[in-house]
Amino acid sequence: MKKTSNFFDFLVSHAKICGFIFPSSEIYGGLKAVYDYGPYGVELKNNIKNFWWKSMTQLHDNILGIDSSILMHSDVWKASGHIDEFNELLIDNKDSKKRYRPDVLIKKHIEKNLSKNTKKKEEILSRLYKSLKKKDLLDIRTLIDELNIFDPIYKTKNWTKIRFFNMMFKIKHTKDLFLRPETSQGIFSNFKNIRKSNRMKIPFGIAQIGKSFRNEIIARKFIFRLREFEQMEMQFFIAPEEEMKWYEYWKKLRFKWHLILNVENKKDYRLCNHTHLAHYASAGTDIEYHFPFGFQEIEGIHSRRDFDLKNHELFSKKKLRVFESEKNYTPYVIETSLGLDRLFLAIFSSSLKEEKLENGKIRVLLKLPYYLSPIKAAIFPLVRKDGLPEVAKNIFNDIKIYHKLIYDHKESIGRLYRRQDSIGTPLCFTVDYETTKTYTVTMRDRDTMQQKRIHINEISKMIEKETGFEKILKKLSY
Ligand code: GAP
C-alpha cells in the first residue's frame with residue numbers, strides 16, 4: 001500500500017482496532033496530542049526500548065544507563081537555557097481563531113509556491129533564519145505580509161502580532177516546577193555522580209529512556225508530535241579536541257542502526273544537516289524517515305559542546321570539570337536523541353501491508369521485525385474438541401515463562417492466523433490429531449505462510465532462534 005493519506009487513516013484505525021494505540025481519555029472526547037498504548041502497543045514499545053537499551057548499554061562497555069526523575073530543581077531549566085530560549089513563535093488569525101507557527105507558515109508557503117525558484121527560496125529562508133536568530137519578530141511579520149500569506153482555512157490575512165511561547169509545562173507547586181522537555185538534563189545533572197560512582201574516564205556515555213513533555217502549538221499527525229512523549233537519549237562526554245571525530249562517529253553509527261532495524265526500507269531514511277540550530281547546539285544532523293506525510297525528523301544528533309556542563313557549573317556552583325590526561329577541562333558532549341513514539345510510528349508504518357493472496361483475498365499483515373513483535377508465537381488447537389485444546393494449553397503453560405505467547409481457540413483456524421498476521425505474530429503452532437500420536441505440531445511462518453511439522457520439545461528453541469535479539473545484536477556488535 002502506498003504512503004498516502006488513505007494509508008495513514010488506515011494505519012490510525014488499524015492501531016486502534018487491533019489494540020496498539022488509543023486516543024487518551026477517549027470516553028471524555030479525547031485530549032489533543034496525547035495517546036495511550038494498548039496491550040500490543042505497550043509490548044511493541046517495550047521491545048523497541050529493549051533493543052535500543054541493549055544497543056547502547058550492552059554493546060558499549062563505556063555507556064551506562066540511568067533513570068532520572070521527571071521533576072527537577074527549577075534552576076536546572078535556568079541553567080539549561082530552557083526558561084529563556086525554549087520558545088516557539090506564535091501567530092493567530094483573528095478570523096479563523098486558529099494558531100500557527102509563523103516559521104512553518106513561511107516554509108510551507110515557499111515550498112508550495114517557489115519550489116522551482118531555488119534562489120528566491122534560499123533568499124527567503126536565509127532572511128527567516130537571520131531574523132529568528134536576532135529574534136526580530138517584526139521582520140518575520142513583514143515577511144508574512146510581503147509573501148502575501150493567508151490563513152489556509154479562512155483565506156484571510158487578518159494576523160495578530162508574532163509573539164514567543166515557552167514550550168515547557170509549568171506545574172502548580174510552592175516553587176515553579178516544570179515537566180521536563182528533554183530527558184538529557186537528568187543526565188547532565190548526574191554527570192558527577194555517575195563518573196565518580198562508576199570510575200568512568202572520558203570518553204564515556206550515559207543513556208536514558210523516559211517521558212518528556214512539550215506544549216506543542218501545532219500537535220497533529222497522530223503520535224508524531226505529542227505533548228507527552230518518550231525519548232531515548234544518550235549523552236557522550238568527550239575531550240573538546242575530539243568533537244568532530246565523535247560527532248561523525250555517532251552520526252554514522254546511529255544511521256546504520258536505523259538501516260539495520262528497518263532493513264527492507266533503507267531508502268526511507270536520510271540524513272539532513274541542521275540549518276537552524278537549537279540554543280544549546282553547535283552542530284546538528286537529523287535522521288529523517290519517510291513517514292506517510294513526508295520526510296520528517298526521527299532522531300537528532302547534536303554537538304552540545306560544553307554548553308550544559310558549564311552552565312550547570314555556573315548555576316549550581318559545583319565543579320563539573322575533569323582532570324584527566326594532565327588536563328583540566330569541561331568535557332564536550334555529543335548527544336543522540338531519538339523519539340520513541342516517532343520510531344514506533346516509523347516501524348508501524350513500514351510494517352503495515354495489505355497482501356493479495358492466491359485465492360484473491362486480502363490479508364492485512366504487520367510485517368514487524370520478528371524480534372520486535374508484541375507476541376512471539378501463538379498456540380492453537382485445530383478444533384475445539386477431542387482434547388486438543390487441553391494439549392495446546394499444556395504446551396502454552398510449559399513455555400510461557402520463556403516467551404510472550406498467546407493461546408487462542410475462539411475462532412476457526414483460518415481466522416486465528418489472520419488475526420495474528422494483523423498484529424505481527426511471527427510463528428503460529430497448531431495442535432492437531434497427529435500431535436497426540438507423534439508429539440509434533442505444525443509451525444506456520446508469518447511472512448511465507450509456509451507450514452512444517454516440528455516436535456513439541458523444539459518449539460521453545462525455535463521461538464528463541466527466530467524471534468530473539470541475538471541475530472540483530474550480532475549485526476551491530478563489533
Ligand atoms: N535533548 C535534545 C532534544 O530533545 P529534539 O530534537 O528537540 O532534541 C529529540 O528532540 C527527538 O525527540 C526528536 O528527534 C523527536 O524524535 C523527539 N520529539 C521531540 N519533540 C517531540 C514531540 N512533540 N512528540 C514526539 N516526539 C518528539
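What's counted below: heavy atoms across the whole structure, side chains too, no hydrogens, waters or symmetry copies. Atoms within each ligand, like the ligands themselves, are counted from 1 in listed order.
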Compile the donor-acceptor pairs under 3.5 Å between side chains in residues 469-477 and protein atoms, sequence neighbours left out, one pair per line.
{"residue": "Glu470", "atom": "OE2", "partner": "Lys474", "partner atom": "NZ", "Å": "3.1"}

Do the side-chain N and O atoms of Asp176 and Ser74 include a donor-acceptor pair separated by under 3.5 angstrom? no
For a quick check: using heavy atoms under 4.0 Å, what are the residues in contact with ligand 1, sorted by chain and number? Glu182, Ser184, Arg214, Glu216, Phe224, Arg225, Leu226, Phe229, Gln231, Glu233, Tyr280, Glu297, Ile298, Glu299, Gly300, His302, Arg304, Glu335, Ser337, Gly339, Arg342
What about the rings of Phe293 and Phe224, do their centers lie closer together than 6.0 Å? yes
Which residues pass the side-chain hydrogen bond (donor to acceptor under 3.5 Å, both in side chains) test with His82, sequence neighbours left out? Ser80
Salt bridge (charged side-chain N to carboxylate O under 4.0 Å, His left out) between Asp92 and Arg163: does it pass, once the steps are laid out? CA-CA 10 Å; Asp92 291 297; Arg163 57 203 186 280; 2.5 Å; yes
Taking ring-ring contact (aromatic ring centres under 6.0 Å, His included) as the test, write out the residues that go with Phe150, two or more places apart. none
